[in-house]
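One structure below.
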Amino acid sequence: MNPAPLPSYTSVLVANRGEIARRVIRTARELGLGTVAVYSDADRDAAHVRDADAAVRLGPAPAGASYLDVDRILAAARASGAQAVHPGYGFLSERADVARAVVDAGLVWIGPPADAIAAMGDKVAAKAEARAAGVPVLPEAVLDGDDPTGWREAAEPVGYPLLVKAAAGGGGRGMRLVTRPEDLPEAVAAARREAQAAFGDGTVFAERFVRSGRHVEIQVVADRHGAVVHLGERDCSVQRRHQKIVEEAPSPAVTPDLRRRLGSAAVELARRIGYEGVGTVELLLEGTGDDARFWFLEMNTRLQVEHPVTEAVWRVDLVRLQLAVAAGEPLGFDQDDLAAQGHAVEARIYAEDPTRDWLPSTGALLRWRPGPTPARWDSGVEEGDEVSPHYDPMLAKAIAHAGTREEAAARLARALDELEVHGVRTNRDLLTAVLREPSFLAGEATTAFLDDATHLRASGPDGATTARHAVAATLAGVLDRRGEDALSGFAPPGWRNVAGDAPHTTWHDPNGATEPTTVRYRLEARGGFRAVVEPSGVELHGRVAGTHRTGPTRHLELEVHDGDDAVGVATRLRCTCTTDPATGATWVSSHGATTAWQEAPRFTEHGAAGAGGGPLAPVPGRVVRVATQVGDHVEAGQTLVVLEAMKVEHRIAAAEPGTVVAVLVAEGDTVEAHQLLVRLEEGAP
Amino acid sequence: MRGAPPTTIDTGSAEFAERRAGMQTLLDDVLAAQAVLAEGGGAKYVDRHRQRGKLLVRERVELLLDRDTPFLELSPLAGWGTDDPVGGGLVVGIGQIEGVECLVSANDPTVRGGTSSPTTIAKTLRAQEVARVNRLPLVNLTESGGADLPRQADIFVPGGAAFRNLTRLSAEGVPTVTLVFGSSTAGGAYVPGMSDHTVFVQGGAKVFLGGPPLVKMAIDEDADEETLGGAEMHARRSGLADALAVDEHDALRLGRRLVARLHWRKAGPGPSEPADPPLLDPDELLGVASPDVRVPFEVREILWRVLDGSRFEEFKPLYGTQLVCGWGSICGFPVGVLANNGILFSEESQKGAQFIQLCNRRDLPLVFVQNITGFMVGTRYEQGGIIKHGSMLINAVSNSTVPHLTLMVGASYGAGNYGMSGRAYDPRFVFSWPNHRIAVMGPRQLAGVLSIVQRQAAERAGRPYDEEADAAMRTLVETQIEGESTALFATGRLWDDGIIDPRDTRTVLGLTLSAAHSAPVQGTSSFGVFRM
């Protein structure tokens with residue numbers, strides 16, 4: 001299945017970052033090719049740079065000045081002697097002009113021909129092609145001009161709910177769901193801004209939204225010699241904000257017959273546009289099995305994020321196929337040679353907080369340790385890396401492949417549980433909850449799945465585990481502090497010759513979702529401890545059987561008895577606790593569960609006169625719109641500022657009615673997290 | 001490497017279990033006495049204090065200290081057995097603030113309104129002494145109703161020294177910080193007044209020489225407390241407050257910042273030896289000593305459970321064997337140890353005097369482990385010069401300038417108390433085990449001596465001796481002396497700095513050695529003339 005390439009090139013520049021850059025570099029190395037990474041200033045020490053044989057700086061952190069700068073990338077190829085350019089996904093991967101420029105520069109473009117990209121790049125034109133290839137399409141309308149009334153008229157025949165999508169887009173960028181005509185103008189404006197920022201093209205269109213459809217996509221591979229095959233479908237219905245987070249192959253909704261129909265349609269379209277390399281035809285599927293209906297959504301003329309599930313079940317290396325096709329190699333197999341085996345599920349681990357509206361989380365990745373359960377980890381990061389606010393917050397993908405869907409899902413959930421990730425918040429608990437949700441396991445998930453199953457967003461370890469982690473975090477803090485006592489480190493923790501109240505540590509839930517947790521503790525001789533966790537009232541006692549520190553992480557071996565343990569059976573609890581020295585945020589992992597904590601400060605700082613009230617930037621980002629001015633009377637919930645961080649827009653609204661006293665930022669400003677944006681005087685005018 | 005110490009204690013034996021149980025009983029009495037301290041002035045006053053939004057004294061202290069660091073409370077049971085509240089309404093101890101060992105002295109305003117009893121004065125003066133000799137920055141947490149007026153006669157004159165001591169500390173370069181949480185009026189106003197640094201709690205601190213009634217009486221002026229001595233007034237107008245705290249937590253935060261900014265450096269050399277734990281379990285210390293001081297025990301069994309790695313280099317092990325002398329270290333601090341294994345003879349006295357001189361030449365702090373019934377008496381020993389030799393030991397103890405730590409692990413009778421650096425010989429600290437007994441001599445001996453003296457007087461006068469009365473007298477005296485020589489009685493009179501759980505001995509000695517190293521550790525070669 002994997003042809004041995006005879007490359008017309010010996011060195012590949014990967015014009016991308018993160019996990020996909022590392023993924024491409026891995027296969028290129030296996031084939032004996034030289035690898036060149038490119039990087040922005042924010043990625044100077046990133047994992048993909050370390051992986052490559054050579055690395056070339058592109059420019060400052062903003063993608064427009066680095067990863068999206070074609071001239072710099074071509075110059076980097078020239079400077080490094082690379083003869084081929086692999087675009088990865090996102091960034092420049094679906095820009096026909098870039099494909100052309102690469103070829104014009106005498107380099108090999110590892111992707112489809114520019115014409116094929118162009119044919120599929122404009123989503124409206126792409127639908128025409130699909131229609132011509134006999135693939136059904138959804139009603140749609142281009143939303144051009146600057147007249148909101150015109151947009152509404154144009155959208156009328158499409159009907160509501162509809163999706164506003166970037167013509168040049170993909171991956172959910174520049175996409176907005178609109179349920180009422182009056183919301184259309186703001187959605188169009190926002191989608192345009194996002195599309196412009198992400199793809200350099202602000203064109204958007206409206207498309208009928210099928211609420212309970214499935215997102216199913218067909219992987220196609222074509223060589224330069226006329227061979228086109230498909231590698232079945234992937235089901236990517238589990239999405240948050242149109243962003244896929246769990247993908248699998250095959251789809252539980254697709255029967256062999258339906259697979260043949262979907263595959264033939266995709267192959268037909270690829271053939272029609274003269275496709276080469278690997279590509280994906282995205283379809284909307286309604287119903288299941290032989291009664292299902294499907295519509296063409298778009299074709300992604302690149303490698304997909306979720307390609308590993310296809311690789312697992314079809315036993316191919318899609319990057320290897322890309323490299324071979326680009327080198328002019330024939331595929332060397334046809335559709336009949338291909339057979340899928342088993343089931344694969346992928347989950348995308350994002351540095352974001354599902355409980356706080358998917359707020360991106362940045363900072364130092366203090367600990368990153370996948371566990372022992374076998375799974376494929378395609379990771380863009382390594383322990384110690386910095387998760388910056390500049391790019392997509394995806395940290396890694398985990399893929400499990402097994403004989404059955406149930407087994408693959410169970411194994412993946414287990415592997416995700418075991419991941420010790422400290423330093424940033426992730427969607428991991430959401431992912432494991434999805435993988436264990438009965439409706440998902442029954443194969444019933446549609447694109448509405450996550451919107452409907454909102455309870456999954458607050459998923460996390462159970463109360464007993466959380467209480468134990470609170471105690472572990474507290475003990476780790478005590479031991480760290482004792483370790484730092486240069487004067488009387490010999491004395492037992494909190495030693496008193498006259499007994500007083502038990503000391504305590506108060507922890508905030510970093511999500512702010514629940515009331516603070518207070519752990520009252522006492523340490524006794526030989527590592528013995530007693531702790532009461534409030535408000536749950538959980539009582540634990542036991543012994544610190546062993547402890548040591550590596551870097552910012554303290555390892556604890558606890559022997560724990562529950563408060564009502566009459567038999568005297570101790571549970572061995574192996575914990576890792578990491579505290580971010582910069583923020584005091586603490587993460588605790590044990591037995592496949594991770595919790596995050598923020599220690600309450602011992603004292604409140606009372607400075608000079610307070611900085612005044614008003615909304616703070618929730619994340620570092622860039623101001624894309626200031627929607628208020630000094631003197632405005634604003635209502636609660638009224639938008640004051642729009643920030644873009646990690647390619648996602650954040651609407652910053654007034655928490656209370658009030659009067660704007662000062663606007664402290666301007667459009668284009670870069671702001672830090674917790675920076676005051678607008679000073680408000682509370683109360684009605 | 002040396003092997004395990006040659007202990008003869010069998011922790012599985014009935015004797016060990018009996019000693020341990022006996023000591024535990026005595027310790028329980030101490031713990032019961034200490035348990036009262038947590039109740040402050042009683043539930044009624046504690047509740048009222050809390051309702052005012054105020055922190056209890058121990059809460060203030062806990063917030064002042066670095067988290068999870070040790071706090072060695074001094075004289076917690078001062079006043080025990082007197083009419084004064086136990087503890088004197090004052091929490092005194094050594095603890096760490098921003099990595100600086102400080103002497104903390106905090107009023108408990110729930111105890112008789114935080115007023116000063118004679119015990120409060122004695123404890124305050126002792127606290128200031130500890131701060132001075134060990135050069136520990138002094139932090140006062142002040143909220144006091146002033147003198148307990150009905151007791152003013154016992155307070156007024158000696159109490160004046162407290163203010164003098166504050167400024168003398170300052171003059172010696174020992175920083176003084178006072179955080180005022182509530183009233184600190186009349187004489188009490190000089191506590192902030194004499195301090196290097198002051199923080200006043202807004203709405204809480206009230207500091208004036210004369211309150212509204214006195215002002216009305218004296219000059220017929222109507223004034224309210226805030227105007228006369230509120231925190232804001234002192235922060236903005238009088239300048240008595242250096243910093244204004246918005247609340248009690250804030251005062252403690254500011255106090256911690258002040259201490260951090262002292263840039264305090266300890267003057268002693270600090271620990272220099274490996275601080276590995278003893279090879280024998282310090283937990284066994286509860287069963288090592290005899291609860292009854294009349295039953296002797298091997299003092300090395302204590303040393304092996306206190307010294308780092310149980311390492312003890314004996315000095316003259318074959319000479320004057322009832323005084324065990326030698327070198328070791330505790331929590332990394334090198335020390336010379338003098339420990340009693342019986343009464344003091346001439347040889348023991350001379351050995352001790354020589355050892356003290358040696359340790360002074362080496363700048364080594366001394367640890368005295370007292371279990372002493374006195375110097376030997378009798379014709380042979382008097383003629384052998386026991387007074388001369390005992391004087392040599394007392395001379396050496398008196399003029400030694402290295403820090404002395406005295407640990408009472410049993411009896412402390414007679415001049416043995418002096419020769420082993422008892423309270424009057426200004427050791428830096430004295431701590432007692434619960435079995436400790438202290439008096440001029442054992443109760444039975446004392447009663448017996450009285451009986452003999454009276455019998456002789458009767459004989460000389462030719463009176464018949466009333467044997468019945470003699471027996472009653474002996475019982476009475478014995479009981480009285482017995483009661484006046486207990487560890488609790490002694491600690492109530494500040495003859496020591498506290499009774500400790502024997503198992504905490506290593507920690508207590510480590511903490512006090514560390515405190516002593518806040519000041520320079522310097523021996524001397526200058527002693528009184530040794531009578532040879």
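Note that these values count all heavy atoms, side chains included, but never hydrogens, waters or copies made by symmetry. In what follows, chains carry the letters A, B, and so on, assigned in the order in which the sequence lines appear, proteins first and then strands, with residues in each chain numbered from 1.
Contact of B/Leu72 with chain A is made through backbone and side chain together, with heavy-atom distances under 4.5 Å. Only the backbone of B/Asp66 comes within less than 4.5 Å of a heavy atom of chain A; no side-chain atom from C-beta onward does. Interface residue B/Gln96: only side-chain heavy atoms are found under 4.5 Å from chain A. For B/Leu254, no part sits under 4.5 Å from any heavy atom of chain A, backbone or side chain. Of the two parts of A/Asp485, only the side chain, counted from C-beta on, holds a non-hydrogen atom closer than 4.5 Å to a non-hydrogen atom of chain B. At a 4.5 Å heavy-atom cutoff, the contact between A/Arg482 and chain B is made by side-chain atoms alone. Proximity to chain A (any heavy atom under 4.5 Å) is shown, for B/Asp276, by neither the backbone nor the side chain.
Counting only N and O atoms by type, the side chains of B/Lys123 and B/Ser105 include no donor and acceptor under 3.5 Å apart. For the residue pair A/Thr576 / A/Trp587, no side-chain donor-acceptor distance below 3.5 Å is found, with atom types taken as modelled. In this model, no donor atom of one side chain and acceptor atom of the other lie less than 3.5 Å apart for A/Thr547 and A/His555. Remark: the A/Ser361 side chain and the A/Asp353 side chain contain no N/O donor-acceptor pair separated by less than 3.5 Å. Checking A/Thr595 against A/Thr466 by side-chain atom types alone, no donor-acceptor pair falls below 3.5 Å. If you check the side chains of B/Ser432 and B/Asp496, you find a donor sitting under 3.5 Å from an acceptor.
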Worksheet item: Does the side chain to side chain donor-acceptor pair (under 3.5 Å) test come out yes or no for A/Thr553 and A/His422, once each step is laid out?
Response: CA-CA 9 Å; A/Thr553 300; A/His422 298 172; 4.8 Å; no
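Using non-hydrogen atoms only and a strict 4.5 Å limit, the part of residues 499-507 of chain B facing chain A consists of B/Asp504, B/Thr507.
Salt bridge annotation for A/Arg543-A/Glu524: absent, with no cationic side-chain nitrogen under 4.0 angstrom from a carboxylate oxygen. A salt bridge links A/Arg554 with A/Asp480: the closest approach of a Lys/Arg side-chain nitrogen to an acidic carboxylate oxygen falls below 4.0 angstrom.
Smallest separation of non-hydrogen atoms from B/Trp264 and B/Arg135: CZ2-O, 3.2 Å.
Of the listed residues (B/Glu59, B/Glu73, B/Glu101, B/Glu62), the greatest number of heavy-atom pairs within a distance under 4.5 Å of chain A belongs to B/Glu73. For the options B/Leu56, B/Val91, B/Leu63, heavy-atom pairs under 4.5 Å to chain A are most numerous at B/Leu63. Taking chain A as the reference chain and counting heavy-atom pairs below 4.5 Å, the highest number among B/Thr69, B/Val100, B/Val61 is found for B/Thr69. Across B/Leu31, B/Leu65, B/Leu252, B/Val30, the residue that shares the most heavy-atom pairs under 4.5 angstrom with chain A is B/Leu65. Of the residues considered (B/Arg256, B/Lys266, B/Arg58), B/Arg256 shows the highest number of contacts with chain A, using heavy-atom pairs under 4.5 Å.
Taking the ring centre of A/Tyr521 as origin, the terminal cationic atom of A/Arg530 falls outside the region bounded by 6.0 Å and 45° from the ring axis.
Of the options A/Val478, A/Leu475, A/Val471, A/Val532, a side chain to side chain contact (heavy atoms under 4.5 Å, CB included) to A/Val519 is made by A/Val471 and by none of the others.
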